[in-house]
Undergrad: 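Please read through the structure below; I'll follow up with questions.
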Amino acid sequence: MQYKMTYKSPVGDLTITTDGQNVTGLWFENQQNYESLLNDIVKEQHQPIFDKVTHWLDEYFSGNKPAINFPLKPTGTDFRMTVWKKLQAIPYGETVTYGDIAQQIAEDRGRSKMSAQAVGGAVGSNPISIIIPCHRVVGANGSLTGFGGGIDRKIKLLKNEEVDMSSFYVPSYSTKP
């Protein structure tokens with residue numbers, strides 16, 4: 001059984017899911033059909049872990065750097081889990097490229113290289129947005145691409161962390177008219 005709640009945030013409604021012990025998901029409003037990824041019945045019901053997560057989100061959106069004091073349990077392939085662990089190591093207020101993560105994983109696996117596109121696919125499938133900070137990953141050329149919550153939200157999250165946005169750009173195909 002999975003449980004869910006909605007959190008009202010400065011970047012729109014967020015849906016948080018838990019198995020009762022661990023955070024299993026955090027999705028943006030209008031993101032893909034997240035419940036279909038859980039392979040379980042999802043019920044809207046308060047769980048104690050939601051108090052910790054909402055406190056963390058309150059602190060985060062207030063511009064603080066809260067420590068994660070609750071367990072995360074994303075579900076994915078071994079490769080995706082590896083990428084999501086790398087995302088968790090990106091410091092608050094900093095960014096890395098898909099290529100940086102690919103190179104780290106290649107080195108960890110004793111390879112000369114790894115596909116940045118494969119890393120991009122894993123980053124894009126992150127089921128616990130914000131807490132597992134996929135918004136801190138950018139294109140090699142400084143482009144703000146590849147965020148399931150939308151580029152506008154990615155920009156807001158990076159600005160919330162006081163990231164210097166002057167070296168980034170938004171590709172014209174991803175902006176709203």
Side-chain angles (χ1 to χ4, degrees), residues 5-17 23-32 34 37 50 52-70 72 74 76 79-106 114-177:
M5 70 158 293
T6 301
Y7 174 85
K8 304 278 186 203
S9 85
V11 294
D13 287 352
L14 303 174
T15 298
I16 306 163
T17 57
V23 174
T24 56
L26 191 153
W27 290 277
F28 294 96
E29 181 179 25
N30 300 325
Q31 204 170 351
Q32 67 182 343
Y34 58 86
L37 303 173
F50 289 145
K52 290 181 178 185
V53 178
T54 57
H55 178 74
W56 187 94
L57 289 165
D58 289 344
E59 287 295 307
Y60 174 83
F61 285 115
S62 294
N64 298 315
K65 303 173 189 176
I68 297 170
N69 64 348
F70 44 85
L72 304 176
F79 179 73
R80 287 179 175 183
M81 298 291 277
T82 298
V83 171
W84 300 336
K85 280 286 186 202
K86 296 293 183 188
L87 295 179
Q88 292 175 68
I90 304 169
Y92 179 99
E94 295 183 24
T95 61
V96 300
T97 68
Y98 297 97
D100 292 336
I101 295 172
Q103 187 57 43
Q104 290 173 12
I105 293 171
M114 167 83 45
S115 167
Q117 287 180 320
V119 167
V123 170
S125 66
N126 172 21
I128 307 177
S129 296
I130 304 173
I131 299 170
I132 297 179
C134 49
H135 61 279
R136 296 180 189 153
V137 184
V138 300
N141 59 1
S143 61
L144 296 177
T145 62
F147 189 61
I151 299 303
D152 291 342
R153 286 184 177 128
K154 183 173 190 160
I155 291 168
K156 286 180 182 179
L157 293 170
L158 292 173
K159 285 182 176 179
N160 183 72
E161 295 182 20
E162 299 183 354
V163 171
D164 178 4
M165 302 299 290
S166 63
S167 63
F168 300 113
Y169 78 93
V170 178
S172 59
Y173 63 86
S174 63
T175 60
K176 294 180 181 177

Undergrad: By the salt bridge (charged side-chain N to carboxylate O under 4.0 Å, His left out) test, which pairs, at least two apart or in different chains, include something from residues 59-69?
TA: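 Applying salt bridge (charged side-chain N to carboxylate O under 4.0 Å, His left out) to every pair that reaches into residues 59-69, excluding sequence neighbours, yields nothing.
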
Undergrad: Please report the C-alpha distance between W84 and I128 in whole Å, then the side-chain angles of each, then the deciding distance to 0.1 Å, and finally whether the side-chain contact (heavy atoms from CB on, under 4.5 Å) criterion is met.
TA: CA-CA 9 Å; W84 300 336; I128 307 177; over 6 Å; no

Undergrad: With rounding to the nearest 0.5 angstrom, report the NZ to OG distance, K156 to S9.
TA: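 Interatomic distance, K156 NZ to S9 OG, rounded to 0.5 Å: 9.0 Å.
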
Undergrad: Got a sec, which residues hit salt bridge (charged side-chain N to carboxylate O under 4.0 Å, His left out) with K86, two or more places apart in sequence or on another chain?
TA: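 K86: salt bridge (charged side-chain N to carboxylate O under 4.0 Å, His left out) contacts with D108.
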
Undergrad: Has the side chain of N69 got a donor or acceptor atom that lies under 3.5 Å from a matching backbone atom of K52?
TA: no

Undergrad: When rounded to the nearest 0.5 angstrom, what distance separates CD in E94 from CG in D164?
TA: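 The CG atom of D164 is 12.5 Å from CD of E94, to the nearest 0.5 Å.
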
Undergrad: I want to check something: taking the side chain as every heavy atom from C-beta on, are L26 and Y7 in contact at a cut-off of under 4.5 Å?
TA: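 SC-SC contact between L26 and Y7 ruled out.
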
Undergrad: Any salt bridge (charged side-chain N to carboxylate O under 4.0 Å, His left out) pairs touching residues 119-140, not counting sequence neighbours?
TA: R136-E161

Undergrad: Side chains of V137 and V119: closer than 4.5 Å at any heavy-atom pair?
TA: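 They are not in side-chain contact.
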
Undergrad: Any side-chain heavy-atom pair from I132 and P74 closer than 4.5 angstrom?
TA: yes

Undergrad: Could you tell me whether Q88 atom CD has more than 12 heavy atoms of other residues or ligands within 6.0 Å of it?
TA: yes

Undergrad: If a pair satisfies ring pair (Phe, Tyr, Trp, His ring centres under 6.0 Å) and one of its residues is in residues 134-163, list it, with sequence neighbours excluded.
TA: F28-F147

Undergrad: List for me each residue that meets side-chain contact (heavy atoms from CB on, under 4.5 Å) alongside T95, sequence neighbours excluded, and say none if there are none.
TA: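 Partners of T95 under the side-chain contact (heavy atoms from CB on, under 4.5 Å) test: V138, L158, V163, F168.
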
Undergrad: Would you say that L57 contacts I16 through its side chain, given a criterion of any heavy-atom pair below 4.5 Å between the two side chains?
TA: yes

Undergrad: What distance do K154 atom NZ and S129 atom OG have between them, rounded to the nearest 0.5 Å?
TA: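 Here the interatomic distance stands at 11.0 Å.
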
Undergrad: I'd like to know whether L87 forms a side-chain contact (heavy atoms from CB on, under 4.5 Å) with V96, so could you lay out the CA-CA distance, the side-chain angles of the two residues, the decisive distance to 0.1 Å, and finally the verdict.
TA: CA-CA 9 Å; L87 295 179; V96 300; 6.0 Å; no

Undergrad: Quick check for you: to the nearest 0.5 Å, what is the distance between M165 atom CE and L144 atom CG?
TA: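 Separation between the atoms: 5.0 Å.
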
Undergrad: Indicate the atoms forming the closest heavy-atom contact of A118 with F79, along with that distance.
TA: O-CE2, 3.5 Å

Undergrad: Can you tell me if T15 uses its side chain to pair, donor with acceptor, with the backbone of W27 under 3.5 Å?
TA: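 A pair under 3.5 Å: no.
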
Undergrad: Is it the case that the side chains of N64 and Y92 hold a donor-acceptor pair, with the cut-off being a distance below 3.5 Å and no angle test?
TA: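 Their side chains do not contain a donor-acceptor pair, so the 3.5 Å distance test is not met.
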
Undergrad: Between V53 and I131, is a side-chain contact (heavy atoms from CB on, under 4.5 Å) present by the stated rule, with each step listed?
TA: CA-CA 9 Å; V53 178; I131 299 170; 4.1 Å; yes

Undergrad: Please step through side-chain contact (heavy atoms from CB on, under 4.5 Å) for the pair L157 and Y60, ending with a clear verdict.
TA: CA-CA 10 Å; L157 293 170; Y60 174 83; 3.8 Å; yes

Undergrad: Determine the minimum heavy-atom distance between R80 and A122, stating which atoms define it.
TA: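 For R80 versus A122, the nearest heavy atoms are CG-CB, 3.8 Å.
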
Undergrad: Give me the atom names and distance for the closest heavy-atom approach of N126 to C134.
TA: ND2-SG, 3.2 Å

Undergrad: D13: what forms a salt bridge (charged side-chain N to carboxylate O under 4.0 Å, His left out) with it, not counting sequence neighbours?
TA: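 D13 satisfies salt bridge (charged side-chain N to carboxylate O under 4.0 Å, His left out) with K8 only.
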
